[in-house]
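The next block holds one structure in the form of structure tokens; read it before the comments.
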Amino acid sequence: MLRFIAGRLALIPLMLLGVSGVVFAMLRLGRGDPALDYLRLSQIPPTDAAIAKARALLGLDRPLVEQYLSWLWDAVRLDFGVSYATRRPVLDEFLYYLPATLQLAAVALLVTLAVSVPLGIWAARHPDKPPDQIVRGIAFIGVSMPNFWLGFLLVMVFSVWLGLLPPLGKGGIEHMLMPVLAVSLMSLSINARMLRTSMLEAGGQRHVLYARLRGLSDRNVTRHHILRNALLPIVTATGMHIGELIGGTLVVENIFGWPGLGRYAVSAIYNRDFPVLQCFVLLMTLIFVLCNLIIDILYAWLDPRIRMFAEGQR
Amino acid sequence: MSMENALPAPVLAAPRRRGVWQVRLAAAIVALLALFIVAAPLIAPHDPDLVDLAAKLQGPSAAHWLGTDHLGRDMLARLIYATRISLGSVAIILLLVLALGIIVGGASGFIGGRFDRIVMRFCDVFLTFPTFVLAMFMIGVLGIGMANVIVAVVLSHWAWYARIVRGLVLSMRERDYIAAAEIAGAGRMRIFIEHIMPGVLAQLVVLATLDIGHMMMHVAGLSFLGLGVAAPTPEWGVMINDARQFVWTQPLLVLWPGMMILISVMAFNRLGDALRDRLDPAFRIEHC
């Protein structure tokens, strides 16, 4: 197990190196000239002298490889420079907004798992009966519902009509209910449907029949012989859901006035604030990679077959 | 518990006859949306950009079936015209993603060896990013606009398709009829185009249909954030954003465009499911 974890950890710097290459290439190949954007946001008239000065300041006059290496060295030390728009260190601003986003995404992930697993089990234990039909119905609508529109629907029902929940802001649980539901419904639906399918598949296998023939109780069979196998695809899918949940959070934050990275990133896009954009993409990717590392480890821990296969390859 | 769910029938393999009407309805909806794209000027009851401040924020009426927005523009006309951009962009994205996936993934799987390894590492790098974050970053670099949204979504999704195509090509290559074609003296290019690609394409179409809804959500989400079309142009995501200040007073304005997204995504998902049940690529991939 330790060897497996070490192997995965060793891959991460390589992945991030590739990521940094793509990000740097995008920054340089993008149509805008960073020097011009810098001058525009600093409200300095773009004369030739000012452009040359800004280029020297931003290091744009050096060879590309040298630029990349010094940029990479800064990124490794988490030094992303100052925002063109606010003139404050980008990392400080990013870390100021990050916790709210992580909080929303993490709660959404917990809700996704906590709701989808019982729903999936419920549906799979009554295939083609009303519980199954209800769950499949919810899941079908859930995967087709745009998260930001769902956010507005919830505001209409719970804030405008019923006056139960606050439509904006961050505070107690009542502020979280609607954003979390809006972010998690899609992943929740996909998960529930997937668990149902994989439980029905696992339930048809011989070891399950054998367990039943041994006279084990239905609950015992479901829990130990079906669910354990059926949960594996869910663990893999969770890795993908995390990416979607982060994306969903960034959008939904804009509806509920949630003080996270969503609005910060959108204003950076409007301002073409390159230091903010690169910090945003690099650190969000780092977080995403670390989440997936945890899931890989969890997966290997749950399924010895994966662990042995990965170790056998080395 | 009774024995009735002791051993559920192999649900996956059984052909699903139920829900044929759902598939027909989904196909009809997709056909209608296609009609909106092709013939919006003929179908739309009004000019979508015609501002009439005297008639602003009206509810549904005989003149304006779905009411008017905050500038007095006809909602129905705007919803119909919006199909062009909301769905048209997804069609372009899908074509580009498929083309990139087939070229890169196909070459990678067919040529194999070191080339394959390098290309796949390159894909892995793109798969490392969270897609929506990567798309936002790219729009930030390229600038705001629908064309850049298309580029950003293509660049953040193509690697998935390259991976899938490669996998399909690899599994096809092992088939007996490919060996037969080789023995018969067919050239490599000919084997690739005439014997491998048709099978790959059939399965790819299913996956792409299932992915249309997902792509639509990404595009609508980005354009809801104001990163897509510019002001007067109608687009579903932007229309929801425009209407957000009227959630309290005129909630229908938020409802309509969202319904359009929901219904189209549902229709494409249902069609994709039906296609998959017919062709069952997952089943075939696993068992060949």
Side-chain angles (χ1 to χ4, degrees), chain A residues 15-16 18-19 21-23 26-27 30-32 124-128 140-141 143-149 152-153 155-156 160 167 186 197 200-201 203-204 208-209 212 218-219 242-244 246-248 250-251 254-255 262 265-266 268-270 272-274 277-278 280-281 284-285 288-289, chain B residues 1 3 5-12 121-122 124-126 128-144 155 213-214 216-218 220-222 224-227 236-237 240-241 243-244 247-248 251 254-255 257-259 261-270 273:
Chain A
M15 288 162 80
L16 293 177
V19 164
V22 170
V23 169
M26 283 300 302
L27 282 169
R31 257 180 296 172
R125 284 175 65 121
H126 309 275
D128 291 321
F140 182 56
I141 295 175
V143 295
S144 310
M145 182 94 82
N147 49 24
F148 56 98
W149 187 61
F152 282 119
L153 288 186
V155 169
M156 277 177 210
V160 180
M186 182 183 300
T197 312
L200 288 177
E201 247 171 39
V208 176
L209 178 64
R212 286 190 201 283
D218 198 61
R219 175 176 290 270
I242 287 174
E244 291 294 315
I246 291 175
L250 296 172
V251 176
N254 286 274
I255 298 165
V266 170
I269 294 173
Y270 272 99
R272 298 175 70 92
D273 199 337
F274 288 85
L277 288 171
Q278 69 191 31
F280 171 70
V281 71
M284 290 312 269
T285 305
F288 182 60
V289 167
Chain B
M1 268 293 172
M3 281 299 284
N5 50 13
L7 253 190
V11 181
L12 282 183
R121 287 298 84 77
F122 189 63
D124 284 345
V125 170
F126 276 86
T128 308
F129 293 94
T131 33
F132 201 79
V133 170
L134 181 61
M136 281 177 86
F137 168 71
M138 285 181 174
I139 296 170
V141 171
L142 298 171
I144 290 166
L155 286 180
H214 176 78
M216 276 187 66
M217 307 268 214
H218 265 244
L222 289 168
F224 167 74
L225 293 176
L227 308 180
W236 297 333
I240 294 178
N241 195 14
R244 61 190 296 178
V247 170
W248 296 81
V254 177
L255 277 180
M259 289 296 279
I261 301 178
L262 177 69
I263 291 172
S264 355
V265 175
M266 277 166 75
F268 282 112
N269 282 347
R270 191 71 196 82
D273 280 343

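Sequence lines set the chain letters: A, B, ... in the order given, protein chains first and strands last, and positions in each chain run from 1. Please read all numbers here as calculations on a predicted model, not as lab measurements. Scope of the values below: all heavy atoms of this structure, side chains included, with no hydrogens, waters or symmetry mates.
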So, the part of B:L222 with a heavy atom under 4.5 Å from chain A: the answer is neither
Bottom line for B:M216: the part with an atom under 4.5 Å from chain A's heavy atoms is neither
| Do A:P146 and B:W236 have side-chain heavy atoms sitting under 4.5 Å apart? | no
Most contact-rich option vs chain B, by heavy-atom pairs under 4.5 angstrom, among A:G247, A:A268, A:G248, is A:G247
Looking only at B:G213, B:A267, B:P257, B:P251, most heavy-atom pairs under 4.5 Å shared with chain A are made by B:P251
> Would A:M156 and B:V247 satisfy side-chain contact (heavy atoms from CB on, under 4.5 Å), going step by step from the backbone distance to the final call?
Replying inline: CA-CA 7 Å; A:M156 277 177 210; B:V247 170; 3.8 Å; yes
Of the listed A:L153, A:N254, A:V155, A:N147, the one with the largest count of heavy-atom pairs under 4.5 Å with chain B is A:N254
dist A:R272:CZ -> B:I139:CD1 (nearest 0.5 Å) comes out at 11.5 Å
For a 4.5 angstrom cut-off between non-hydrogen side-chain atoms, does B:I261 reach A:W149? no
On a heavy-atom basis, the closest approach of A:L27 and B:V141 is CD2-CG2, 4.1 Å
Value for CG (B:L134) from CE (A:M284), rounded to nearest 0.5 Å, stands at 12.5 Å
One option among B:F268, B:F122, B:F129 has the most heavy-atom pairs under 4.5 Å with chain A, and it is B:F129
Taking every heavy atom of B:G140 against every heavy atom of A:I269, the minimum-distance pair comes out as CA-CG2, 3.7 Å
So, the part of B:F126 with a heavy atom under 4.5 Å from chain A: the answer is side chain
If one checks every heavy atom of A:I246 against chain B at 4.5 Å, the contacting part turns out to be side chain
Applying side chain to side chain contact (heavy atoms under 4.5 Å, CB included) to A:I255 and not counting sequence neighbours gives A:F148, A:F152, B:F224
Decide side-chain contact (heavy atoms from CB on, under 4.5 Å) for B:M266 and A:V143; before the verdict, give the C-alpha distance in whole Å, the side-chain angles of both, and the deciding distance to 0.1 Å.
CA-CA 8 Å; B:M266 277 166 75; A:V143 295; over 6 Å; no
Given B:L155, B:T131, B:L255, B:L227, the one with more heavy-atom pairs under 4.5 angstrom with chain A than any other is B:L255
Got a sec: does the CZ of A:F140 have more than 12 other heavy atoms crowding it under 6.0 Å? yes
Cut-off 4.5 Å, heavy atoms of chain A, and the answer for B:T128 is both
- prompt: Does A:F280 reach the side chain of B:M136, with side-chain heavy atoms less than 4.5 Å apart?
  reply: yes
Note: A:P167 and B:W248 closest approach over all heavy atoms is CG-CZ2, 3.7 Å
Counting heavy-atom pairs under 4.5 angstrom with chain B, the leader among A:S144, A:G18, A:G243 is A:S144
Applying a strict 4.5 Å limit to non-hydrogen atoms, the region of A:V251 in contact with chain B is both
With chain B, the option among A:L16, A:D273, A:V19, A:V266 that has the most non-hydrogen atom pairs under 4.5 Å is A:V19
